[in-house]
Amino acid sequence: MLYFLDTANVEDIRHCNEFYPLSGVTTNPSIIAREKKDFWTLIREIREIIGPNKLLFAQTVQSKAEKMVEEAKLLNERSGGEFCIKIPISEEGLKAASILKKQGIHVLMTAIFTPAQALIAAKSGADYVAPYVNRLDNIIADGTNVVAEIVKQFETYPLPCQVLAASFQTAEQVHKCAAAGCHGVTVSADILKAVINYPMTDSAVLHFDADWKSVYGDKTILDF
Ligand code: G3P
């Protein structure tokens, strides 16, 4: 399971990159716009934090395949390390994906809402597809089940495309994607924190601490 952070907020990226096993950072035009910064400055800042070996995803803002390819090449050259272009699924997007595949540029096909879209994206050469789990849940379309169906399709055919589920509001959705064999998730810092949070863990640690202190006081193992 790969964990990506779905934000361009440098404070969140710095924090989560230090404490969590992140494989990289995903962005999209809304996420970038939220930061209200110069685009390349922001890309540089993110890259400085995650280093050259982790994957950085940025999304094309073009609607024609040739222009998508142009943007993808520019981003790939200037992103400072491992990079993947995000392209929303469309006819033009599929064409761009197959061109970029031949040029060795990684593609994530995004805004996926059905297994049928995911399958054709994978056939066109996408390295990743991003189904939007919470947006599906919000229309009572069972987002985690859509993820499970996509995973199954890629096993059935089989296609070298990974399912990188996106759009999460709960840790439960992340858990269900993992249970379905999803290859990766991209989540906010809050969801990452929710994934590890459990009240009984806190109480167990308090108990360990109290038992230790009752015998050894403030000494730690380093003091023996
Ligand atoms: O990467 C796509 C994702 O950011 C969409 O998430 O929360 O806007 O549905 P959301």
Side-chain angles (χ1 to χ4, degrees), residues 1-13 15-17 20 22-37 39 42-43 46-47 49-50 54-63 68 71-72 75 79 82-90 93 96-97 100 106-115 117-118 121-122 126-148 150-151 161-178 180 182-195:
M1 171 65 110
L2 303 175
Y3 293 94
F4 291 89
L5 200 61
D6 199 24
T7 187
N9 182 277
V10 289
E11 282 78 32
D12 281 351
I13 295 170
H15 177 85
C16 293
N17 192 56
Y20 293 87
L22 284 190
S23 294
V25 166
T26 60
T27 68
N28 63 31
S30 311
I31 285 171
I32 294 280
R34 205 172 295 147
E35 302 307 311
K36 297 184 170 50
K37 287 184 181 175
F39 177 75
L42 190 50
I43 292 294
I46 296 171
R47 182 58 82 190
I49 299 168
I50 65 173
K54 292 190 180 180
L55 257 179
L56 176 56
F57 294 73
Q59 189 166 318
T60 183
V61 293
Q62 302 288 341
S63 54
M68 290 175 185
E71 259 182 8
L75 278 158
S79 82
E82 291 297 316
F83 175 75
C84 183
I85 188 76
K86 289 176 71 178
I87 302 176
I89 186 156
S90 67
L100 289 165
H106 298 303
V107 174
L108 175 147
M109 199 131 274
T110 192
I112 296 286
F113 287 87
T114 71
Q117 287 179 320
D127 300 279
Y128 305 91
V129 289
Y132 281 10
V133 174
N134 192 61
R135 293 193 198 189
L136 281 161
D137 283 351
N138 277 343
I139 54 165
I140 321 178
D142 198 345
T144 50
N145 186 55
V146 169
V147 168
I150 297 172
V151 169
C161 181
Q162 300 204 314
V163 186
L164 178 49
S167 177
F168 288 97
Q169 277 302 309
T170 69
E172 174 78 357
Q173 290 166 333
V174 174
H175 166 66
K176 284 185 173 169
C177 284
C182 184
H183 306 95
V185 291
T186 185
V187 295
S188 67
D190 285 348
I191 294 291
L192 266 188
K193 289 172 192 171
V195 164

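All values derive from a computational prediction rather than experimental measurement. Order of appearance sets the numbers: ligands from 1, and atoms from 1 within every ligand.
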At what distance is the nearest protein heavy atom to atom 1 (O) of ligand 1, and which residue and atom is it?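 For this ligand atom, the closest protein heavy atom is D6 OD2, 3.2 Å.
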What protein heavy atom is closest to atom 8 (O) of ligand 1, reported as residue, atom name and distance in Å?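 Sorting protein heavy atoms by distance from atom 8 (O) of ligand 1 puts R135 NH2, 2.7 Å first.
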Proximal ligand 1 atoms for [X], defined as those under 4.0 Å from one of its heavy atoms:
| X | result |
| --- | --- |
| K86 | 1 (O) |
| A166 | 1 (O), 2 (C) |
| Y132 | 2 (C) |

Can you tell me if T26 and D6 form a side-chain donor-acceptor pair at under 3.5 Å?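 Yes, a side-chain donor-acceptor pair sits under 3.5 Å.
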Is the closest N or O pair between T110 and ligand 1 shorter than 3.5 Å?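 Looking only at distances, the answer is no, because the N/O contact criterion of under 3.5 Å is not met.
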Polar atom proximity, Q169 to ligand 1 (N or O, under 3.5 Å):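 No; every N/O pair is 3.5 Å or more apart.
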Does any part of the side chain of [Y], heavy atoms only, come nearer than 4.5 Å to the side chain of [X], both counted from C-beta?
| X | Y | result |
| --- | --- | --- |
| M1 | V185 | yes |
| I191 | Y3 | no |
| I150 | I112 | yes |

Can you tell me how far the NE2 atom of H175 sits from the SG atom of C182, to the nearest 0.5 Å?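 That separation rounds to 13.0 Å.
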In a check of side-chain hydrogen bond (donor to acceptor under 3.5 Å, both in side chains) between Y132 and each of N138, D137, T110, which one passes?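 Running side-chain hydrogen bond (donor to acceptor under 3.5 Å, both in side chains) over N138, D137, T110 with Y132 returns exactly one hit, T110.
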Measuring from non-hydrogen atoms of [X] to any atom of ligand 1, is the shortest distance under 4.0 Å?
| X | answer |
| --- | --- |
| I31 | yes |
| N134 | no |
| T26 | no |

T27 side chain to F57 main-chain N or O, any donor-acceptor pair under 3.5 Å?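 Flag set: sc T27 to bb F57 pair under 3.5 Å.
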